[in-house]
Amino acid sequence: MTERDLFRQEVREWLEAHCPVSQRQPIIREEQIWAGSRVAFSSEEAKAWFEAMRDRGWTAPTWPTEYGGGGLDTEQARVLEQEMIRLGCRPPLYDMGLWMLGPALLNFGSEAQKTTHIPRIVRGETRWAQGYSEPGAGSDLASLTTRAVDDGDHFIVSGTKIWTTRADVADWIFCLVRTDPDAPKRKGISFLLIDMHSAGITTRPIALISGESEFCQTFFDEVRVPKNNLVGALNQGWEVAKELLKHERKLMATMETITEKIDVGLVELAKSRLPMTDAGHLANTDLRTRMAEHLMQADALNDLNELIYGGMKTGQFDPAIPLTLKYIGTREQQRKDELMLEILGVDGLSMTSGKPDLDRMVRNWAYNKAHTIAGGTSEIQLNIIARRGLGLPE
Amino acid sequence: MILNEEQRLLRSTVADFLNREAPIEALRFLRDKEQALAWEPALWQGLCELGAPAVAQPEQAGGLGFGAMGMGALMIEAGRRLSASPLVSSAIFAQAVIRLCGNATQGDRLSPGLMSGENVATVACQEGTHFQPQPTQCRRDADQLSGRKTMVLDAGSADYLLVTARDQNGALCIGRLACDAAGVTITPHRFMDGRQYATVELIDALVDEWLQGEQIAVGFQRALDETTIMLSAEMLGGSRELLERTLAYLQEREQFDVKIGTFQALQHRIAEAYCQLELAAASVYSALSAIDADSDALSEHASRAKALTGDIYQHLSNEAVQMHGGMGVTDEMDIGLFLKRSRVCNQLWGDSAFHKDRFAALRGY
Ligand SMILES: Cc1cc2nc3c(=O)[nH]c(=O)nc-3n(C[C@H](O)[C@H](O)[C@H](O)COP(=O)(O)OP(=O)(O)OC[C@H]3O[C@@H](n4cnc5c(N)ncnc54)[C@H](O)[C@@H]3O)c2cc1C
């Protein structure tokens with residue numbers, strides 16, 4: 001056995017021993033374990049699973065052990081991920097700090113920032129929100145206007161952030177703020193960590209088409225933020241933001257692994273609800289073909305992910321390819337949702353039928369519309385692919 | 001595409017050779033010849049000297065041991081340059097049919113000639129205007145074959161044919177017979193891709209032998225799948241070439257005082273095509289490794305690879321023509337040659353619609 005096989009075997013045995021059967025069911029939104037001071041568990045088993053993973057540092061498998069992470073190399077992390085998928089293990093922890101801030105902080109943060117924040121992220125003790133977008137700064141993020149004014153050992157922050165996912169229950173927020181209004185757009189931005197319990201912060205929830213209100217508008221009214229919460233150098237926040245966005249997009253491309261899983265696959269759903277021919281084929285040939293197209297793309301996307309991974313290992317790697325993943329992944333997710341709605345027919349027209357499985361599917365259809373917008377819209381992704389990936393002029 | 005050291009060396013050797021011996025002008029030359037030559041003898045001879053027809057097979061079987069991945073890398077290079085040779089018809093398809101449908105003696109006797117390139121064989125399996133894997137009207141009667149086959153690659157220049165037919169019990173059988181055997185009429189013609197295809201008419205033609213493997217139907221399906229995947233690799237090469245040529249044009253051509261590549265409408269279209277191209281490419285690579293791994297899911301891989309490359313090759317060829325403006329519809333530009341090749345490739349061994357249908361059936365719906 002190679003070292004990798006041994007590791008795989010060890011991981012497999014450990015997961016089988018520590019992941020209760022109830023935590024191997026597809027995740028539903030109400031049972032996701034979100035980090036923070038208000039962390040809640042849907043059951044004792046959910047809690048046990050979270051704690052087992054937390055104590056091994058496997059909530060953040062590749063982060064250094066000195067900050068509480070798992071210390072795995074990418075290959076080992078890959079094995080862990082594959083084994084978790086194989087068993088159907090639920091993600092043990094949900095948090096934007098885990099997905100986005102952590103990697104950026106490990107890269108750009110001061111030692112004090114790392115020792116303060118990283119272990120608490122790994123242990124799920126703080127819940128983070130992302131404060132980038134503003135009412136006037138969406139795709140054109142660099143035009144943001146929330147101000148941070150120098151006041152000795154503090155900044156005074158004033159302005160408003162929008163689409164801040166679950167800021168109403170967050171403990172901390174990482175923000176882009178303008179520290180030099182006279183510099184060119186991208187040169188006057190800094191990256192700040194702000195305690196959501198600070199005086200002067202209020203949030204207002206925004207209702208969404210899926211019936212939820214995950215988003216907030218967050219208002220900052222002369223909020224005092226200690227200067228040692230500045231990540232990276234003053235006015236260098238754009239660099240940190242870009243690094244962080246890379247992680248956000250990677251995450252969005254594999255949204256399926258962290259969002260609510262629909263237990264029923266498209267094929268089973270169609271077969272159980274629609275007329276079939278004697279040959280066992282869907283009678284609706286048009287739908288059948290479009291399903292085949294989607295399933296092929298979904299398989300191809302898996303292969304593409306494998307290829308990127310293998311390519312990075314062997315150095316045979318087109319750096320433009322990863323830029324495509326967010327665009328493709330979110331497109332296929334939406335394609336799948338549309339096919340599902342079509343298969344459901346009239347049953348797909350209510351979010352409040354009282355049948356939880358159905359309602360969930362339909363809510364997801366609406367919810368997932370956001371995926372081609374959040375983290376850089378699909379149009380912005382295509383701009384990036386064309387210009388940065390394929391070298392076309394601005 | 002992830003290749004090992006040797007496979008990479010192979011790819012660059014073949015690329016160098018094809019650049020020298022089989023650039024796109026070679027195809028133009030072939031196309032414009034009076035006489036319907038299927039390939040340029042010097043090119044084929046050179047490929048054989050490099051060992052191209054034996055690339056995939058393991059060394060103990062007399063091959064070079066580069067596997068399907070190695071052969072796939074070679075087909076991608078051939079696709080970039082539209083190189084016409086009997087690689088697909090003989091080195092890939094006929095070899096696979098003999099290996100998978102013949103018995104051991106037949107394999108030992110026939111394979112070496114195909115691997116050295118000394119013999120060229122072609123498989124006659126299509127009937128009518130749309131591909132179906134099962135022969136319907138070509139029949140076996142004792143040791144004779146009768147029927148009509150269409151779109152037979154390179155038949156006008158090959159040594160022998162492998163013909164699929166149904167026997168008296170309706171089972172699949174494959175007969176081998178010389179191209180000049182009595183009762184065989186081969187009518188070669190050029191398709192728009194400049195290559196030679198033939199209609200083969202058989203009237204009580206006496207076969208030299210029947211392939212005598214134990215599982216002919218299963219073997220033939222696998223041979224078809226392998227060949228379809230290799231053709232998909234060629235189609236991928238053609239698609240990449242189209243993308244690169246179009247990108248170059250977008251960076252060079254100016255209108256309204258700017259490069260046309262600055263127009264977002266064009267940027268988004270080409271970026272989108274690039275995404276589809278990479279998905280098709282990933283499908284081809286994993287299909288190639290599925291051949292090497294002797295995967296049970298080969299048919300599904302083959303259908304996905306063929307449908308996705310078929311769609312993107314045709315789409316990119318249309319986009320390439322459009323983005324080259326008036327130049328795009330001139331024969332002087334090579335774009336048109338790829339446009340035509342993409343349409344011919346689409347029809348070979350099942351078009352995109354065929355493979356989507358088959359994929360759905362394989363997925364059980
Ligand atoms: C689910 C979700 C979660 C989010 N979470 C957060 C969060 O936690 N924190 C946070 O800060 N933000 C968050 N956002 C905000 C998100 O980053 C923005 O919505 C996104 O960047 C788009 O900005 P916008 O909504 O202002 O749209 P706009 O930028 O106004 O775009 C409108 C339309 O114009 C198009 N467009 C804009 N510019 C161009 C261009 N150059 N070329 C072509 N087309 C263009 C866009 O593609 C889009 O179709 C979230 C959004 C969603 C939907």
Side-chain angles (χ1 to χ4, degrees), chain A residues 265-271 274 276-277 279-282 285 287-293 295-311 313-318 320-325 327-328 331-332 378-379 381-387 389-394, chain B residues 1-5 7-8 243-244 246-248 250-251 254 258-264 266-287 289-290 297 300-301 303-309 311 352-353 355-365:
Chain A
L266 273 185
V267 171
E268 288 71 33
L269 191 70
K271 284 170 84 168
L274 299 176
M276 306 292 284
T277 66
H281 298 169
L282 262 190
T285 53
L287 173 64
R288 183 168 178 265
T289 306
R290 284 182 288 118
M291 277 172 62
E293 283 167 351
L295 293 171
M296 284 180 174
Q297 307 278 357
D299 285 356
L301 181 58
N302 279 337
D303 287 342
L304 196 57
N305 272 307
E306 287 290 326
L307 203 69
I308 290 174
Y309 173 73
K313 264 195 336 193
T314 57
Q316 300 175 60
F317 185 56
D318 171 1
I321 295 179
L323 302 176
T324 65
L325 295 179
Y327 174 74
I328 299 170
R331 178 189 71 190
E332 289 310 315
S378 288
E379 290 74 20
Q381 301 307 311
L382 290 174
N383 287 347
I384 293 172
I385 296 166
R387 292 167 196 167
L390 303 177
L392 292 175
E394 291 275 334
Chain B
M1 179 167 226
I2 297 167
L3 300 175
N4 63 29
E5 195 64 37
Q7 288 166 333
R8 258 181 286 175
L243 180 89
E244 284 171 20
T246 307
L247 278 174
L250 292 178
Q251 279 159 310
E254 291 186 7
V258 292
K259 306 280 186 213
I260 58 171
T262 58
F263 301 138
Q264 196 183 46
L266 300 187
Q267 290 186 345
H268 281 197
R269 277 159 61 181
I270 203 90
E272 184 126 31
Y274 173 71
C275 292
Q276 291 310 105
L277 178 63
E278 290 304 340
L279 288 172
S283 301
V284 169
Y285 305 151
S286 72
S289 43
E300 201 180 302
H301 276 291
S303 280
R304 165 151 65 98
K306 182 68 171 27
L308 294 187
T309 50
D311 284 351
S352 288
H355 283 287
K356 286 170 194 171
D357 173 72
R358 190 174 79 140
F359 181 90
L362 289 166
R363 281 292 177 95
Y365 72 95

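Chain naming here is simple, since letters A, B, ... match the order of the sequence lines and numbering starts at 1 in each.
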Is there a donor in the side chain of B:H268 and an acceptor in the side chain of A:N383, or the other way round, less than 3.5 Å apart?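 There is such a pair (donor and acceptor under 3.5 Å, judged by atom type) between the side chains of B:H268 and A:N383.
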Without hydrogens or angle criteria, can the side chains of B:E272 and A:Y327 be said to hold a donor-acceptor pair below 3.5 Å?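 Yes, a side-chain donor-acceptor pair sits under 3.5 Å.
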Contact class of [X] relative to chain B, heavy atoms under 4.5 angstrom:
{"X": "A:E394", "value": "backbone"}
{"X": "A:M276", "value": "side chain"}
{"X": "A:A320", "value": "both"}
{"X": "A:D318", "value": "side chain"}
{"X": "A:I328", "value": "side chain"}
{"X": "A:E293", "value": "side chain"}

Looking only at heavy atoms and a cut-off of under 4.5 Å, which of [options] has the most pairs with chain B?
{"options": "A:L323, A:V267, A:T277", "answer": "A:V267"}
{"options": "A:D299, A:T324, A:L304, A:T289", "answer": "A:D299"}
{"options": "A:L274, A:I384, A:T285, A:L307", "answer": "A:L307"}
{"options": "A:D303, A:N302, A:L282", "answer": "A:D303"}

Partner chain A: residue of [options] with the largest heavy-atom pair count (under 4.5 Å):
{"options": "B:A305, B:C275, B:A360, B:S303", "value": "B:C275"}
{"options": "B:E300, B:H355, B:K259, B:Q276", "value": "B:Q276"}
{"options": "B:G364, B:S283, B:A307, B:A353", "value": "B:G364"}

Give me the atom names and distance for the closest heavy-atom approach of [X] to [Y].
{"X": "B:Q251", "Y": "A:L390", "answer": "NE2-O, 4.2 Å"}
{"X": "B:A290", "Y": "B:H301", "answer": "CB-CD2, 3.5 Å"}
{"X": "B:Q267", "Y": "B:G261", "answer": "NE2-O, 2.9 Å"}

Under 3.5 Å: donor-acceptor pair, side chain of A:R288, backbone of B:Y365: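 Checked: pair present.
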Any B:L250 side-chain heavy atom under 4.5 Å of B:T262 side chain: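 Heavy-atom side-chain distance check fails, nothing below 4.5 Å.
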When rounded to the nearest 0.5 angstrom, what is the spacing between CD1 in A:I385 and CD1 in A:I321?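 It comes to 11.5 Å.
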I need the B:I270 CD1 to B:L277 CG distance, nearest 0.5 Å.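 Interatomic distance, B:I270 CD1 to B:L277 CG, rounded to 0.5 Å: 10.0 Å.
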Side chain, backbone, both or neither: which part of B:L266 has a non-hydrogen atom closer than 4.5 Å to chain A?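 No part of it gets close to chain A.
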Heavy-atom contact with chain A under 4.5 Å, split by part of B:Y274: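 The side chain, not the backbone.
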Under 4.0 Å between a side-chain nitrogen and a carboxylate oxygen: does that hold for B:D311 and B:K306?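 Salt bridge between B:D311 and B:K306, a charged N being under 4.0 Å from a carboxylate O: no.
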